[in-house]
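Since the structure comes first, as structure tokens, the remarks are kept for the end.
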Amino acid sequence: MSSSIALVADVARNQTNTARHRRGPTCRTAPASSPLSSALRASPHHATHASGSGRMLRSDVINQFLKLYDDPDYLEVGVDEGTTFFAVDAPRKVAVDPEFKFALPPDPERAKGCTFHPVPSDSYFAQDPGRRYDLIFLDGLHTFEQILKDFTNALACIKDDGIIIVDDVIPSSYHASLPDLALSFELRRRIGQQDGDWMGDVYKIVFLIESYFQSHSFATVAENHGQLIVWKERRPAESLPARSVEQIGRLGFCDARLSDAFNLMPCSDILARCRRAYGL
């Protein structure tokens, strides 16, 4: 592992724009003029404040979609410090995280209408409480395996006209795209990067949905770090790229940065599509 880190660190220090894909050829990063690169430059992953550039916070996006419903139920998986959760406006909110970064129970005013489950998402979904949600926000462990489990579990408890939002589908850098958190931070240290981004390989869920979940449509918010919006609307057969699950599992950072699969779109346009699909 150390030699691999050293090799990638050497490449990064030389400021090359290549990354060795584990399946073969050297790949280039997205062209500077591409929509994906523009979105990444405009919207760092861990931005916590809106700016004049039109950047949208996670909670900004979520609240826009919650406005589609008169009396929404909201579930958030992966709450951490609660920055997004407490900024979301819904009468009933459920938080799931194995280790909340705030004291439980929180201040009564902040906790109004909220319930907190300090358990892994697998354990929460295993309870099958029969509760259904209008919007589910998935921001848990940033690995393909875990987001796949969380996504399929979310499908089982989302309402028929509900929306699933998956966070962090656009990796901001090669080291941020590594599914091994320890390796990601060690590589970051070796090349002298100061950012704290870690999206892991969550991006692979986009390719899986595109190829295997024909019953659902999706688009990625163009105004921020990469929130995938998924809603129930069947897509035509020709929109399903032929990929095996094994091929998806082997995709890397270059594939994500060079792909059009994310379907980048202004948040207002995605909102309009969901409204039309559900007749809201």
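We use all heavy atoms of the structure for the numbers below, so side chains are in, but hydrogens, waters and symmetry mates are not.
In terms of heavy-atom proximity, Phe125 sits nearest to Cys157 at CE2-SG, 3.7 Å. Listed here is the closest heavy atom pair of Ala176 and Asp197: CB-O, 3.8 Å. Taking every heavy atom of both residues into account, Phe207 and Ser259 meet most closely at CE2-OG, 3.4 Å. When all heavy atoms are compared, the tightest approach of Val96 to Leu75 is CG2-CD1, 3.8 Å. Nearest heavy atoms, Cys114 versus Arg110: SG-O, 3.7 Å. Contact detail for Ile229 and Ile163: the closest heavy-atom pair is CG2-CG2, 3.7 Å.
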| message | Evaluate Phe65 against Trp231 for side chain to side chain contact (heavy atoms under 4.5 Å, CB included), listing each step before the verdict. | response | CA-CA 11 Å; Phe65 284 91; Trp231 66 96; over 6 Å; no

| Check against side chain to side chain contact (heavy atoms under 4.5 Å, CB included), Ile170 and Leu264 | CA-CA 10 Å; Ile170 300 178; Leu264 282 168; 4.0 Å; yes

| request: Determine, stepwise, if the pair Leu228 / Val202 fulfils side chain to side chain contact (heavy atoms under 4.5 Å, CB included). | output: CA-CA 11 Å; Leu228 183 74; Val202 170; over 6 Å; no

| query | Could you walk me through whether Arg92 and Asp71 pass the salt bridge (charged side-chain N to carboxylate O under 4.0 Å, His left out) check? | reply | CA-CA 8 Å; Arg92 291 171 301 281; Asp71 191 33; 3.0 Å; yes

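For the pair Tyr203 and Thr220, the minimum side-chain heavy-atom distance is 4.5 Å or more. Proximity of Val77 to Asp139: side-chain heavy atoms (C-beta onward) are nowhere separated by under 4.5 Å. Taking the side chain as every heavy atom from C-beta outward, Ile205 and Leu148 approach each other to under 4.5 Å. Looking at Phe86 and Pro106, their side chains come closer than 4.5 Å, going by heavy atoms from C-beta outward. Looking at Gln227 and Ile62, their side chains come closer than 4.5 Å, going by heavy atoms from C-beta outward. Inter-residue side-chain proximity for Pro118 and Pro98 is flagged as unmet; no heavy-atom pair is nearer than 4.5 Å. Looking at Ile147 and Asp168, their side chains never come closer than 4.5 Å, going by heavy atoms from C-beta outward. Counting heavy atoms from C-beta outward, Met199 and Ser172 have side chains that approach closer than 4.5 Å.
No donor-acceptor distance shorter than 3.5 angstrom exists from the side chain of Gln146 to the backbone of Thr143, with no hydrogens or angles considered. Between the side chain of Asp201 and the main chain of Phe144, a donor-acceptor pair closer than 3.5 Å is present. Put simply, the side chain of Trp198 gets close to the backbone of Leu178: a donor and an acceptor are under 3.5 Å apart. His216 places no side-chain N or O within donor-acceptor distance of the main-chain N or O of Gln214, the cut-off being under 3.5 Å. With hydrogens and angles disregarded, a donor-acceptor distance shorter than 3.5 Å links the side chain of Ser177 to the backbone of Tyr174. A distance-only check finds no donor-acceptor pair linking the side chain of Asn263 to the backbone of Ser217 [under 3.5 Å]. Under a 3.5 Å cut-off, the side chain of Thr115 and the backbone N or O of Val94 do not form any donor-acceptor pair.
Side chains of Asp167 and His225: a donor-acceptor N/O pair is present below 3.5 angstrom, by distance only.
Note that the CD1 atom of Ile136 and the OH atom of Tyr74 stand 10.0 Å from one another [nearest 0.5 Å]. Taking CD from Glu76 and CZ from Phe85, the interatomic distance works out to 6.5 Å, rounded to the nearest 0.5 Å. Atoms CZ and CZ, on Phe262 and Arg257 in that order, are 9.5 Å from each other to the nearest 0.5 Å. Atom CG of Leu104 sits about 6.5 Å away from atom CZ of Phe116, to the nearest 0.5 Å. Separation of atoms CG (Leu155) and CD1 (Ile209) is listed at 8.0 Å; rounding is to 0.5 Å. Leu135 contributes atom CG, which lies 6.5 Å from atom CD1 of Ile158 (distance to the nearest 0.5 angstrom).
Ring geometry, Phe100 versus Phe102: the interplanar angle falls from 30° to 60°, so the pair is classed tilted.
Residues Phe218 and Leu240 do not share a hydrophobic cluster, defined by chaining ILVMFWY side chains whose heavy atoms lie under 4.5 Å apart. Linking ILVMFWY side-chain heavy atoms closer than 4.5 Å, directly or via other members, places Tyr212 and Leu251 in a single hydrophobic cluster.
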Show me the side-chain donor-acceptor pairs of residues 266-280 shorter than 3.5 Å, one per line, residues at least two apart or across chains.
| from | atom 1 | to | atom 2 | distance (Å) |
| --- | --- | --- | --- | --- |
| Tyr278 | OH | Gly162 | O | 2.8 |
| Tyr278 | OH | Lys232 | N | 2.7 |

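Checked against salt bridge (Lys or Arg N to Asp or Glu O under 4.0 Å), Lys101 has the following partners two or more places apart in sequence or in another chain: Asp80. Applying the salt bridge (Lys or Arg N to Asp or Glu O under 4.0 Å) test to Arg189 and every residue at least two apart in sequence or in another chain returns Glu186. Residues that satisfy the side-chain hydrogen bond (donor to acceptor under 3.5 Å, both in side chains) test with Ser59, not counting sequence neighbours, are absent from this structure.
The salt bridge (charged side-chain N to carboxylate O under 4.0 Å, His left out) pairs that include a residue from residues 144-161 are Asp73-Lys159, Asp122-Lys149, Asp134-Lys159, where partners are two or more places apart or lie in different chains. Residue pairs meeting the salt bridge (charged side-chain N to carboxylate O under 4.0 Å, His left out) criterion with at least one member in residues 235-246, sequence neighbours excluded: Glu210-Arg243, Glu246-Arg250.
Aromatic pair Phe151/Phe213: ring centres closer than 6.0 Å.
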